Amino acid sequence: MAELSGLLLVVVILALLFDFSNGWHDSANAIATVVSTRVVSPSTAVLVAGVLNVAGAFMSTAVAKMVGTGIVDPQSVTQAVVASALAGAIVWNFVTLLLGLPTSSSHALIGGLVGAALTHGGTAAVKFSGLRSVLEAMVLSPFFGFAIGLVLMVILSWVFFRVPRALALRLFSRMQLVSASFMAFSHGANDAQKAMGIITLALVSAGVLPTAEVPTWVIGSCALAMGLGTAVGGWRIVRTLGMRIVKLEPVHGFAAETGAAIVLLATAHIGLPVSTTHTITSTVMGVGAVKRLSAVRWGVTRRILSAWLFTLPGAALLSTICYLFLSKLQ
């Protein structure tokens, strides 16, 4: 029991470290557009986003329950499986952060979880119906993000067509403060719950919790870890997302943030752990495409899409290696 308690503590620490890396890696999702359009300073943006991440994390636990019980069978996994999944996802996050690629922390975590579970217990350890629902939502959310961003930008262009440019810039600079805050809140509402789900999975599989109800201390610690990570700011990814995909002005930032936040809050309410990164990146592409298709830097976009495709298998491979290593130590 002492050994189990020790490994469970390691899992909790790894989950909080993952949440910190998630906030650090994904801070660009909340602040890239508002920073690149020079509406607020980078330091102010990350601090406000960090606080709103914490607030958003308390909105719901539907995503946490899905991650904790809907993808793998809690009774078929061990603490070593959960620890390996987290380790694989953390390594993937830091590697892509150094490369400046806005990949999905959600994909990394789910890929790591499935990879370690398959290595430990085979196909019986994975709930493929739940995994299919999550993967479908992850595939569809960027398309919804692109479409909503494009439609919002078309509507705004039509409504404000006769407004003088200088007035429109001042107006949307102020409105973007609201949309960036909305995005930061929705980021916390969706992404912070993933680490909550992993900790809850570990507690259930260890017999500490009888059901997958997320304890208050888990919600609070995960919210704080993500908020601190966001406050650090992943500046390489901020530059990629906010400056290298398409040249943004405040109206584009407002449309992109609002569109992405709508998708994220809807999926958080339903309980689907979609990719915040994919959603905001696709809305940025959508608003940029309204200008003209050539306004989107498709070379950078192809590099990002390639990283997206490799995230699930890459994190799964890393978690498998971690699990095999841990198995030899036991």
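Index from 1, following the sequence. Owing to the predicted nature of the structure, the values given are computational and were not obtained by experimental measurement.
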Q: Can you tell me which residue pairs pass the salt bridge (charged side-chain N to carboxylate O under 4.0 Å, His left out) test with a partner in residues 312-324, sequence neighbours excluded?
A: none
Q | Spatial distance of atom CG (Leu224) from atom CG (Leu16) [nearest 0.5 Å] | A | 9.0 Å
Q. Okay, side chain of Glu257, backbone of Met183: is any donor-acceptor separation there less than 3.5 Å?
A. no
**Q.** Distance, nearest 0.5 Å, that separates CG of Leu171 from CD of Gln176
**A.** 11.5 Å
Q: Taking all heavy atoms of Cys322 and all of Gly88, pick out the closest pair and write down the distance.
A: SG-N, 4.2 Å
(Q) Would Val126 and Leu118 count as a side chain to side chain contact (heavy atoms under 4.5 Å, CB included) here? Give the steps. (A) CA-CA 7 Å; Val126 179; Leu118 284 173; 3.7 Å; yes
Q: Please list all pairs passing the salt bridge (charged side-chain N to carboxylate O under 4.0 Å, His left out) test where one or both residues lie in residues 7-23, with sequence neighbours left out.
A: none
Q) How long is the span from the CE atom in Met196 to the CG atom in Leu201, to the nearest 0.5 Å? A) 15.0 Å
Q.
Just verifying a value: how many Å separate Leu113 CG and Ile198 CD1, rounded to the nearest 0.5 Å?
A. 4.5 Å
Q | Any residue meeting side chain to side chain contact (heavy atoms under 4.5 Å, CB included) with Val151, in chain and number order, not counting sequence neighbours | A | Ile155
Q.
Ignoring hydrogens and geometry beyond distance, is a side-chain donor-acceptor pair present between Ser205 and Gln79 at under 3.5 Å?
A. yes
Q: Could you name each residue pair satisfying salt bridge (charged side-chain N to carboxylate O under 4.0 Å, His left out) that touches residues 53-73, not counting sequence neighbours?
A: Lys65-Glu213
**Q.** Pairwise distance CG(Leu9) to CG(Leu14) - rounded to 0.5 angstrom
**A.** 9.5 Å
Q) Rounded to the nearest 0.5 Å, how far does CG of Leu264 lie from CG of Leu272? A) 11.5 Å
(Q) By the salt bridge (charged side-chain N to carboxylate O under 4.0 Å, His left out) test, which pairs, at least two apart or in different chains, include something from residues 193-208? (A) Asp191-Lys194
(Q) A side-chain contact here means heavy atoms from C-beta on lying under 4.5 Å apart; do Phe185 and Asn53 qualify? (A) no
Q. Can you check whether Val12 reaches Trp217 side chain to side chain, under 4.5 Å on heavy atoms?
A. yes
(Q) Suppose we screen for side chain to side chain contact (heavy atoms under 4.5 Å, CB included). Which residues come up paired with Val51, at least two apart in sequence or across chains? (A) none
**Q.** For Ala268 against Ala189, the heavy-atom pair lying closest together
**A.** CB-O, 4.0 Å
Q. Members other than Val178 in its cluster, when Ile, Leu, Val, Met, Phe, Trp, Tyr link by side-chain heavy atoms under 4.5 Å?
A. none
Q: Taking the side chain as every heavy atom from C-beta outward, state whether Met59 and Leu265 have any pair of such atoms under 4.5 Å apart.
A: yes
Q: Mind listing the closest non-hydrogen atom pair of Ala255 and Val287 along with its distance?
A: CB-CG1, 3.6 Å
Q | Side chain proximity check, Met226 to His187, heavy atoms < 4.5 angstrom | A | yes
Counting only pairs under 3.5 Å, give me each side-chain donor-acceptor contact of residues 131-147, with atom names and distances, residues two or more places apart or in other chains.
from	atom 1	to	atom 2	distance (Å)
Ser133	OG	Ser129	O	3.3
Ser141	OG	Ala137	O	3.2
Ser141	OG	Met138	O	3.3

Q: Decide yes or no on side chain to side chain contact (heavy atoms under 4.5 Å, CB included) for Val11 and Ile199, but give the supporting numbers first.
A: CA-CA 7 Å; Val11 168; Ile199 294 176; 5.8 Å; no
Q.
Is there a path of hydrophobic side-chain contacts, each under 4.5 Å between heavy atoms of I/L/V/M/F/W/Y residues, joining Ile219 to Leu8?
A. yes
Q.
Just to verify, what does Ser221 make a side-chain hydrogen bond (donor to acceptor under 3.5 Å, both in side chains) with, not counting sequence neighbours?
A. none
Q.
Within the 4.5 Å heavy-atom criterion, are Leu318 and Ser84 side-chain neighbours or not?
A. no
Q. Taking ILVMFWY side chains as joined if any heavy atoms are under 4.5 angstrom apart, and letting links pass through other members, which residues group with Ile321?
A. Leu317
**Q.** Criterion side-chain hydrogen bond (donor to acceptor under 3.5 Å, both in side chains) on Thr258 and Ser179, from CA distance to verdict
**A.** CA-CA 5 Å; Thr258 302; Ser179 63; 4.5 Å; no
**Q.** Heavy-atom check, side chain of Phe254 versus side chain of Leu152, under 4.5 Å
**A.** no
**Q.** Where at least one partner belongs to residues 152-170, residue pairs that pass side-chain hydrogen bond (donor to acceptor under 3.5 Å, both in side chains), sequence neighbours excluded
**A.** Arg165-Glu249
Q: Could you check Thr283 against Leu150 for side chain to side chain contact (heavy atoms under 4.5 Å, CB included), going step by step and ending with a plain yes or no?
A: CA-CA 7 Å; Thr283 56; Leu150 189 147; over 6 Å; no
Q | Contacts of Ser319 that satisfy side chain to side chain contact (heavy atoms under 4.5 Å, CB included) - sequence neighbours left out | A | Ala116
